[in-house]
Student: 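Below: one structure in structure tokens.
Chain identifiers are assigned alphabetically (A, B, ...) following the order of the sequence lines, protein sequences preceding nucleic acid strands; residue numbering begins at 1 within each chain. Remember, it's a predicted structure, so these values are computed and weren't measured experimentally.
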Number of protein chains: 2
Amino acid sequence: MAQRVTLKQVAVQAGVSYQTVSKVLNKQAQVSKETKERILEAVQTLGYHPNSIARNMRLQQSCLIGYSWAPAPPDQVNPILDQLLQSMAQAAETAGYHLLCFPHHFDQETVTAYRDLIDTNRVDGFVISSVEYDDPRVTFLQERGFPFVAFGRSNPELSFPFVDIDGAAGMQMVVEHLVRLGHRHIAALAWPKDSRVGQNRMDGYLSGLAANGISVSPGLILRCEGNFQGGLEATSRLLELPVIQRPTAIMAFNDVMAIGAIRAAQERGLQVGVDLAITGFDDTPMVQYLTPTLTSVRQPIWEVGQQVISILLSILNETSLPGAQVLVRPELIVRESSRGQSIQNDKTKLVNYP
Amino acid sequence: MAQRVTLKQVAVQAGVSYQTVSKVLNKQAQVSKETKERILEAVQTLGYHPNSIARNMRLQQSCLIGYSWAPAPPDQVNPILDQLLQSMAQAAETAGYHLLCFPHHFDQETVTAYRDLIDTNRVDGFVISSVEYDDPRVTFLQERGFPFVAFGRSNPELSFPFVDIDGAAGMQMVVEHLVRLGHRHIAALAWPKDSRVGQNRMDGYLSGLAANGISVSPGLILRCEGNFQGGLEATSRLLELPVIQRPTAIMAFNDVMAIGAIRAAQERGLQVGVDLAITGFDDTPMVQYLTPTLTSVRQPIWEVGQQVISILLSILNETSLPGAQVLVRPELIVRESSRGQSIQNDKTKLVNYP
DNA sequence: ATATTGAATGCGAACGTTCGCCCGAACGCT
DNA sequence: AGCGTTCGGGCGAACGTTCGCATTCAATAT
């Protein structure tokens with residue numbers, strides 16, 4: 001491996017003190033044009049690159065942003081992880097920052113890993129995701145006064161910078177879409193009450209119904225686990241209701257529940273999209289290849305990643321409005337499962353309500 | 001934010017020089033029992049944690065492992081990213097290392113990002129994945145003599161440390177399985193010839209046939225893009241062959257192609273799993289919820305992550321056998337699409353050929 | 001009694017930067 | 001001619017560690 005080139009070697013080559021080289025490179029000094037050129041030339045020929053560890057040492061920062069996430073359960077895949085990481089990494093890189101990814105620990109206290117990274121000065125800030133009510137990470141980081149930005153909200157009374165998807169708006173779009181198709185009996189496959197994201201989507205479902213003058217039928221709201229089995233069983237129960245109470249449309253709170261719902265309907269010989277509308281949430285890439293293709297709500301993850309990093313960087317540079325809170329609108333993707341058309345495999349229509 | 005505690009403060013508290021504190025903490029010195037206890041007590045009460053930037057500065061290392069990956073195309077999801085990252089991050093953490101994730105650049109020369117990270121001393125080593133023939137990263141890192149481990153092989157003549165899935169073995173398991181069910185006309189939905197992974201899987205397909213005394217029918221090998229559309233169109237062509245040439249089983253080189261194949265078969269009114277066997281590769285979590293559920297090959301990603309990091313760490317500690325090359329066996333997951341049974345949704349049988 | 005060991009600890013130096021202060025020279029002004 | 005101002009650049013210091021060598025003191029061997 002080539003020996004590292006340092007400031008001093010450049011300085012010798014250019015015949016100046018090494019501190020002057022540093023000044024030139026940081027564009028902050030008043031140096032004559034000639035010496036400046038001489039120095040830059042020496043930098044070129046020697047192939048000098050600043051040692052970031054030494055810079056970090058001097059500047060008392062690491063230029064690293066910590067990020068950790070809960071792994072997806074084995075029967076599911078995290079549909080946004082790839083894009084979120086790429087987006088955040090890209091936004092960070094342009095500012096000279098990088099992402100430090102650390103593993104999620106179920107067993108021990110969650111905040112331990114965060115504390116260690118702070119105590120050892122490894123990171124300058126955090127991005128946290130999958131934020132829940134009374135999230136221990138939020139309270140911990142707030143107590144320590146350590147910079148962080150959340151992807152997702154928490155308790156309304158807690159005030160901290162976040163970026164979140166407007167899940168309520170997304171659900172409202174779905175309701176709107178179904179109502180236009182003539183549906184009035186719209187069921188919801190919801191999550192347990194302790195889910196913050198679930199509550200947000202529920203709000204959208206309810207306000208969507210209200211906005212269209214539809215009264216809520218408690219029997220059409222089923223709370224269950226957000227997986228295939230949950231969607232399957234809940235839908236089975238819905239389809240056993242007396243005809244007059246039975247829903248003509250089912251809104252699942254995520255895609256994998258919708259897939260369970262489709263299976264339940266098909267087992268009863270129903271043609272999804274014709275006899276019964278079913279919608280999902282997340283727009284997992286594969287749902288466009290289901291039979292029928294699934295109507296879902298797509299989250300603008302790239303934008304979330306950009307915003308999260310942008311806010312965090314402004315906090316780190318202390319150029320921030322203290323409590324930036326951003327909501328981004330998702331996008332409704334209408335497909336066969338809610339359209340009542342015959343099945344075609346290559347048509348996907350994008351509808352984005354403004 | 002609390003003022004940072006340094007070695008010197010601990011030293012003052014314990015009444016020794018700060019270098020002695022360092023020695024105690026690194027367990028390398030001969031210090032008396034009493035002072036050792038006094039120092040450790042001071043460390044406790046002051047809450048001292050070593051500043052990792054300063055350590056890195058002194059030790060001329062960053063304890064960071066660089067990792068970058070090509071994002072999945074928009075209609076697909078990377079089924080292994082989550083688990084691979086968690087596995088690598090976990091393995092790294094136990095050795096005091098962390099993952100530095102940087103974005104993939106399509107436009108510029110791929111190695112630029114790698115070069116920058118090396119030049120600025122940001123990372124101690126790399127993990128690279130999606131390795132192809134004549135991969136520029138391999139040649140670049142070999143030239144620079146910079147530590148790295150690959151997830152995936154490249155040209156056979158290149159010698160570097162890697163961990164790879166034995167894709168050939170996986171495909172052979174599939175052939176074996178299909179032959180036991182009585183299939184003799186087994187088609188392959190393959191990838192373009194420049195794909196290293198594709199070639200590896202093709203080898204397994206061919207040797208699997210040979211091992212069972214089945215001669216290769218060139219008409220049953222179709223090369224196409226590894227996406228839904230590719231699988232759909234290739235399967236359509238296969239199903240238009242004269243009955244005597246038509247395959248009774250189709251092995252797709254990945255899951256999303258298999259999904260396209262299923263669609264093509266269903267459009268012709270075939271019952272997949274009964275009239276025609278179809279298999280995938282990767283065992284993307286969602287394929288267990290397809291109709292019919294999909295037989296696929298599962299890759300032991302957790303193990304890959306552990307091995308990759310373990311090898312890299314041994315290189316960094318110079319305790320390595322120079323060219324560790326590890327193959328891990330995948331696992332065949334048999335489901336309805338190749339079983340010829342009526343459709344049931346909750347039965348998944350695992351078969352792992354030894 | 002003196003030389004030889006060994007343990008326990010102190011001390012200087014270095015890793016590669018950045019920052020602020022200082023100093024000399026040149027310049028323009030009264 | 002004297003004085004303040006600006007420009008160009010040098011220099012010391014510090015960030016918090018770790019490492020190797022020097023030093024002290026007591027114990028043992030000669």
Student: When you get a sec, tell me which of D:dG8, C:dT9, D:dC11 is the closest nucleotide to the side chain of A:Ser32?
Tutor: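 It is D:dG8.
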Student: Ion pair present between A:Arg144 and A:Asp119, side-chain N to carboxylate O less than 4.0 angstrom?
Tutor: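 Salt bridge present between A:Arg144 and A:Asp119.
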Student: Tell me yes or no: between the side chains of B:Ser129 and B:Tyr67, is some donor less than 3.5 Å from an acceptor?
Tutor: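 Per modelled atom types, B:Ser129 and B:Tyr67 side chains form a pair under 3.5 Å.
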Student: Any side-chain N or O of B:Thr6 below 4.0 angstrom from OP1/OP2 of D:dC15?
Tutor: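 Looking at the OP1 and OP2 atoms of D:dC15, neither is under 4.0 Å from any side-chain N or O of B:Thr6.
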Student: Between P on D:dG9 and CG on A:Leu7, what's the gap in Å once rounded to a whole number?
Tutor: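 That distance rounds to 16 Å.
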Student: Verify the ring-centre separation between A:Phe148 and A:Tyr114: is it less than 6.0 angstrom?
Tutor: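 Distance test on ring centres: not under 6.0 Å, no.
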Student: Rounded off to whole Å, could you give me the CD-to-P distance for the A:Gln19 and C:dT18 pair?
Tutor: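 To the nearest whole Å, that distance equals 11 Å.
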Student: Closest approach to the side chain of B:Lys8, judged atom by atom: which nucleotide of C:dA7, D:dT17, D:dG10 is it?
Tutor: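 Taking heavy atoms from C-beta onward, the closest nucleotide is D:dT17.
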Student: A:Gln30 has an atom CD; how far is it from atom P of C:dA26, in whole Å?
Tutor: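 Roughly 17 Å, once rounded to whole Å.
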Student: How long is the line joining CG of A:Asn121 and C1' of D:dT17, in whole Å?
Tutor: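 Taking CG of A:Asn121 and C1' of D:dT17, I get 12 Å after rounding.
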Student: Using a strict cut-off of less than 4.0 Å between a Lys/Arg side-chain nitrogen and an Asp/Glu carboxylate oxygen, indicate whether A:Asp164 and A:Arg196 qualify as a salt bridge.
Tutor: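 Looking at A:Asp164 and A:Arg196, the cut-off is met.
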Student: Taking the minimum atom-to-atom distance to the side chain of A:Lys23, which one of C:dT9, D:dG10, C:dA13 wins?
Tutor: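 Of all the options, the side chain of A:Lys23 is nearest to D:dG10.
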Student: Does A:Ser22 reach a base, just sugar-phosphate, or nothing at all? Heavy atoms under 4.0 Å.
Tutor: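 Base contact.
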Student: Could you state the atom-to-atom distance from CD of B:Gln9 to C1' of D:dC15 in whole Å?
Tutor: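 Atom-to-atom, B:Gln9 to D:dC15, this comes out as 13 Å.
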Student: Could you check if a side-chain atom of A:Leu25 sits within less than 4.5 angstrom of a side-chain atom of A:Leu7, using non-hydrogen atoms only?
Tutor: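 In contact.
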Student: Could you list the residues that satisfy ring pair (Phe, Tyr, Trp, His ring centres under 6.0 Å) with A:Phe151, not counting sequence neighbours?
Tutor: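 With sequence neighbours excluded, A:Phe151 shows a ring pair (Phe, Tyr, Trp, His ring centres under 6.0 Å) to no residue whatsoever.
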Student: Just wondering, do B:Ile309 and B:Tyr97 contact through their side chains at under 4.5 Å, heavy atoms?
Tutor: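 B:Tyr97 vs B:Ile309: side chains apart.
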Student: In whole Å, I'd like the distance from the CZ atom of A:Arg122 to the C1' atom of D:dG16.
Tutor: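 Checked: the CZ to C1' distance equals 15 Å.
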Student: Does the side chain of A:Ser62 come under 3.5 Å of the side chain of A:Asp124 through a donor N or O and an acceptor N or O?
Tutor: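 The answer is yes; a qualifying pair exists.
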Student: Could you check which of C:dT18, C:dA13, D:dG10 has an atom nearest any side-chain atom of A:Val16?
Tutor: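 Looking only at side-chain atoms, A:Val16 lies closest to D:dG10.
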Student: Angle between the two end axes of the helix from C:dA1-D:dT30 to C:dT30-D:dA1, five base pairs per end, rounded to 10 degrees?
Tutor: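 Between the first-five-pair axis and the last-five-pair axis there is 60°.
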Student: What verdict does the side-chain hydrogen bond (donor to acceptor under 3.5 Å, both in side chains) test give for B:Gln306 and B:Gln90, after you've listed the backbone C-alpha separation in whole Å, the side-chain angles of each residue and the deciding distance to 0.1 Å?
Tutor: CA-CA 8 Å; B:Gln306 300 284 308; B:Gln90 193 252 26; 3.1 Å; yes
Student: Tell me, which of residues 37-63 of chain A have any heavy atom that sits under 4.0 Å from an atom in DNA chain D?
Tutor: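 Nucleic-acid contacts, sorted: A:Met57, A:Arg58, A:Gln60.
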Student: Mind calculating the distance between OH (B:Tyr18) and P (C:dC11) to the nearest angstrom?
Tutor: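 That distance rounds to 10 Å.
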Student: Using whole Å, report how far NZ of A:Lys33 lies from P of D:dG8.
Tutor: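 In whole Å, D:dG8 P and A:Lys33 NZ are 11 Å from each other.
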Student: Has B:Thr20 got a side-chain N or O lying under 4.0 Å from the OP1 or OP2 atom of C:dT9?
Tutor: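 Checking C:dT9 against B:Thr20, no side-chain N or O comes under 4.0 Å of OP1 or OP2.
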Student: For B:Phe146 together with B:Phe126, are the ring centres under 6.0 Å from each other?
Tutor: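 Ring-ring flag for B:Phe126/B:Phe146: true, centres closer than 6.0 Å.
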